[in-house]
Amino acid sequence: MTAVTGETEGRSGAGSEEGTGQGTGGVAASADGAAEGRPPGTVPGTAVIEEGPAREAQALQPGEQPADDGRWDDGVIARRAVDSPPDDDPAGALHAPVAGPYAAPLRNRLDALRELVGLSRTRIEGQVLEEAGRVLDEAVARQRLSSEHTVVAIAGATGSGKSTLFNALAGVPVSETGLRRPTTSAPISLTWSDGAGELLDRLAIPGRLRRRPLAGGSGDEALQGLVLVDLPDHDSALTAHRDQVDRVLRLVDAVIWVVDPEKYADAALHERYLRPLAGHAEVSFVVLNQIDRLPGEAADQVLDDLRRLLDEDGMAVGEHGEPGATVLALSALTGEGVADLRELLGRFVQERTAAAKRIAADVDAAAKTLRPVYVADGHAGLSERARDDFSARLAVAVGATAVGEEAERQWRRSAGRACGTPWLRLWRWCERVRMPGSGFPQPPEPVEEELTARQRVEQAVRFVADEASHGLPGPWAQAVREAAVRGADGLPEALDELAVTLWTPNTRPPRPRWWPAAVLAQALMTIVQVCGGLWLVGQIVGITEPLLIPPVLLMLTGIIGGPLVEWACASAAKGPARRYGQDAERRLKEAAAACGRARVLDPVAAELLRYREVRDQFVTVSRR
């Protein structure tokens with residue numbers, strides 16, 4: 001490859017797609033820029049191209065992100081990636097992704113991540129979902145840009161030879177090299193083909209720092225579509241340089257990490273970059289530069305040690321056709337191994353899968369970050385045992401057993417009043433007349449008992465909330481508890497109202513069919529007793545003939561028969577009374593359980609269902 005003159009570059013840059021700014025007003029810099037004062041980092045013999053809206057990119061400060069109109073956090077749950085086309089663009093051509101849709105597996109994972117974020121927005125803090133939202137934003141932004149280009153950044157420490165390797169790959173001196181540190185102060189791009197303007201705008205690389213290796217975009221066919229970006233030193237003493245490195249690394253499709261024999265084990269490189277980006281191994285190249293400085297077999301030994309460090313970082317090394325990071329040794333200064341790197345880059349670029357692999361790796365990283373808030377320690381849910389226990393506690397709180405026992409006693413009392421002897425009823429009537437209110441008083445419920453019932457309800461709610469939230473991740477366990485507490489508000493009052501509605505102590509129990517016969521028998525015994533008494537009185541006063549035994553027997557029959565009838569009725573009433581009490585207890589239990597289910601269990605079940613939904617979405621997100 002040969003370098004072109006500034007005049008030729010000015011003409012070719014202005015005539016190319018990028019030189020015209022793709023219709024956005026970009027202007028190619030001419031060779032006269034050298035006379036007027038060439039911008040820093042410009043090397044004679046290379047073209048300076050402004051692509052796309054480069055003026056806006058130049059206005060950005062280091063570390064700033066370009067504006068993005070398609071924000072994930074726009075208030076719409078589970079917003080789709082492709083918005084509806086406007087009225088003046090019915091076909092949606094203005095909004096159609098340039099690169100086309102992602103492959104089905106990645107598209108499904110992105111859709112699941114979007115649904116996951118939407119379902120979790122009100123349950124999980126925004127800081128936790130921030131990385132997932134950024135991945136969705138970048139996936140949408142990258143999808144709408146060229147899929148024919150692969151953006152590869154060259155990153156490394158001070159003095160590692162990044163710029164030298166950059167120039168070696170370009171075949172012309174593009175980036176400044178030298179002993180002064182840091183040499184590279186801003187990202188510089190190198191493109192082998194047209195159409196990468198919007199990609200460079202996204203990286204906020206101004207037009208004065210955009211280069212082309214050859215005039216008109218011709219050159220090495222294997223590298224057609226490659227966009228190479230030389231980054232500042234990641235260990236630079238200037239914070240602005242490190243911020244630019246971090247910003248660009250979030251946006252590129254792949255990274256070439258350049259290390260040298262002295263700093264290949266630097267903790268700053270491994271702890272800050274390689275270890276956190278271990279999941280991006282398939283889009284990572286680790287290059288051991290300056291092997292010309294290593295004698296004999298030292299280069300192989302250092303390379304083996306570098307592989308060991310990468311393995312400790314968790315970064316898989318691609319060997320024997322397995323997916324992983326590409327590790328190789330070269331010397332950018334002498335050119336040894338550079339051809340191998342160019343060949344590997346050529347195959348990598350021509351696959352056109354780097355952008356999708358990078359997004360997939362970002363989704364993996366987001367899933368790893370979100371795992372603690374979506375994966376439970378054990379089986380999460382509300383068991384039937386917990387539901388039954390909750391209903392039983394509410395039944396105790398509402399006093400269902402006591403109500404059943406009181407209903408049974410009242411049924412027996414009613415049977416006793418209906419089937420008892422008239423003399424006993426007369427005595428009770430006299431007692432009520434003599435002492436009003438002494439019949440069957442109903443004392444008010446003590447305050448202590450009310451407090452105890454309220455505490456029992458709160459305890460039941462607390463137990464079911466703990467059972468339902470056991471094993472759930474923190475945010476979802478908190479959401480379950482809050483749903484239970486909200487449902488418990490007013491639950492004691494609702495239970496009291498149910499108890500009053502379903503049963504009161506003055507409720508008249510139903511009478512069985514045999515009651516009229518028992519009342520008739522009791523009346524007959526009373527009549528017999530009265531007749532015997534009248535007969536005996538008649539004998540005493542001389543109205544009837546003196547015959548003592550018949551009236552006495554008649555009176556004894558009535559006197560003994562009445563209590564016997566009453567006792568028989570009481571015995572016969574035990575079964576119906578028990579069933580009546582059990583029915584009252586059952587109805588109150590069912591009503592209390594239904595009230596508790598509607599107020600507490602259903603909201604808790606809804607939260608658990610939402611958690612299961614997001615867990616299913618997380619499973620889709622976390623699986624490649």
Q: Inspect the surroundings of CD in Glu125 and state if more than 12 heavy atoms from other residues, nucleotides or ligands are less than 6.0 Å away.
A: no

Q.
Quick check on Glu312: does its CD atom have over 12 non-hydrogen neighbours (other residues, nucleotides or ligands) under 6.0 Å away?
A. yes

Q | Pair Val398-Val403, side-chain contact (heavy atoms from CB on, under 4.5 Å): steps then yes or no | A | CA-CA 9 Å; Val398 80; Val403 166; over 6 Å; no

Q. Hey, does the side chain of Ser147 reach the backbone of Gln143 with a donor-acceptor pair shorter than 3.5 angstrom?
A. no

Q: Kindly give the heavy-atom pair with the smallest separation between Gly279 and Ala361, and that separation in Å.
A: O-CB, 3.6 Å

Q: In sequence, state the C-alpha distance, the side-chain angles, and the governing distance for Glu493 and Glu497, and then conclude on side-chain contact (heavy atoms from CB on, under 4.5 Å).
A: CA-CA 6 Å; Glu493 292 78 7; Glu497 184 178 354; over 6 Å; no

Q: Flag the pair Arg385 and Glu467 as a salt bridge only when some basic side-chain nitrogen lies within less than 4.0 angstrom of an acidic carboxylate oxygen.
A: yes

Q) For Val604 and Val464, what are the C-alpha separation, side-chain angles and deciding distance, and is it a side-chain contact (heavy atoms from CB on, under 4.5 Å)? A) CA-CA 9 Å; Val604 168; Val464 76; 5.6 Å; no

Q | Results of salt bridge (charged side-chain N to carboxylate O under 4.0 Å, His left out) for Glu482 - residues two or more places apart only | A | none

Q: Please round to the nearest 0.5 Å and tell me the distance separating atom CD1 of Ile527 and atom CG of Leu534.
A: 11.5 Å

Q.
Do Glu138 and Arg250 have side chains that approach each other closer than 4.5 Å (heavy atoms only, starting at C-beta)?
A. no

**Q.** Where Ala316 and Ala281 come nearest, the two heavy atoms and their spacing
**A.** O-CB, 3.5 Å

Q: Check salt bridge (charged side-chain N to carboxylate O under 4.0 Å, His left out) between Arg586 and all other residues, then give those that pass, not counting sequence neighbours.
A: Asp583, Glu590

(Q) For Asp389, is there an ion pair with Arg393 - N to carboxylate O distance below 4.0 angstrom? (A) yes

Q) Got Val317 and Asp311 here, is their nearest side-chain heavy-atom distance under 4.5 Å? A) no

Q: Spell out, as yes or no, whether a donor-acceptor pair under 3.5 Å connects the side chain of Asp253 to the backbone of Ala354.
A: no

**Q.** Donor-acceptor under 3.5 Å (Arg247 side chain, Leu203 main chain)
**A.** yes

Q) Where is the tightest heavy-atom contact between Gly487 and Val600, given as atom of each residue plus distance? A) C-CG2, 3.9 Å

Q: Could you tell me whether the side chain of Arg109 and the main chain of Arg623 form a donor-acceptor pair under 3.5 Å?
A: yes

Q) Do the side chains of Leu119 and Tyr611 get nearer than 4.5 Å, heavy atoms only? A) no

Q: Heavy atoms only: give me the nearest Ala366-Ala132 pair and the separation to one decimal.
A: CB-CA, 4.3 Å

Q: Assess whether side-chain contact (heavy atoms from CB on, under 4.5 Å) is satisfied between Arg142 and Tyr102, documenting all intermediate values.
A: CA-CA 10 Å; Arg142 185 63 181 92; Tyr102 292 118; 3.8 Å; yes

Q | Side-chain touch Leu370/Leu113, heavy atoms, less than 4.5 angstrom | A | yes

Q: Classify the side-chain pair Ser120/Tyr374 by whether it contains a donor and acceptor separated by less than 3.5 Å.
A: yes

Q) Is there a side-chain contact between Val283 and Val255 (heavy atoms, below 4.5 Å)? A) no

**Q.** Check: Leu608 and Val480 side chains under 4.5 Å, non-hydrogen atoms
**A.** yes

Q: Using a strict cut-off of less than 4.0 Å between a Lys/Arg side-chain nitrogen and an Asp/Glu carboxylate oxygen, indicate whether Lys589 and Glu585 qualify as a salt bridge.
A: yes

(Q) Contact between Asp489 and Val485 at the side-chain level, heavy atoms closer than 4.5 Å - yes or no? (A) no

Q. Just checking, any donor-acceptor pair under 3.5 angstrom between side chains of Asp246 and Tyr273?
A. yes

Q: Give a yes or no on whether a salt bridge exists between Glu131 and Lys368, defined as a side-chain N under 4.0 angstrom from a carboxylate O.
A: no

**Q.** Listed once per pair and sorted, the side chain to side chain donor-acceptor pair (under 3.5 Å) pairs that draw on residues 598-607, sequence neighbours left out
**A.** Arg123-Glu607

Q: Might you point out which heavy atoms bring Val614 and Leu116 nearest each other, and give the distance in Å?
A: O-CD1, 3.1 Å

Q: Apply side chain to side chain donor-acceptor pair (under 3.5 Å) to Asp362 and His280, showing your working.
A: CA-CA 8 Å; Asp362 287 344; His280 296 68; 2.6 Å; yes

Q | Closest approach of His270 to Asp313 (non-hydrogen atoms, all atoms of both residues) | A | ND1-OD2, 2.5 Å

Q: Quick one: pull up CG in Leu394 and CG in Leu491 and give me the separation to the nearest 0.5 Å.
A: 6.0 Å

Q) Under 4.5 Å between any side-chain heavy atoms of Arg597 and Phe390, yes or no? A) no

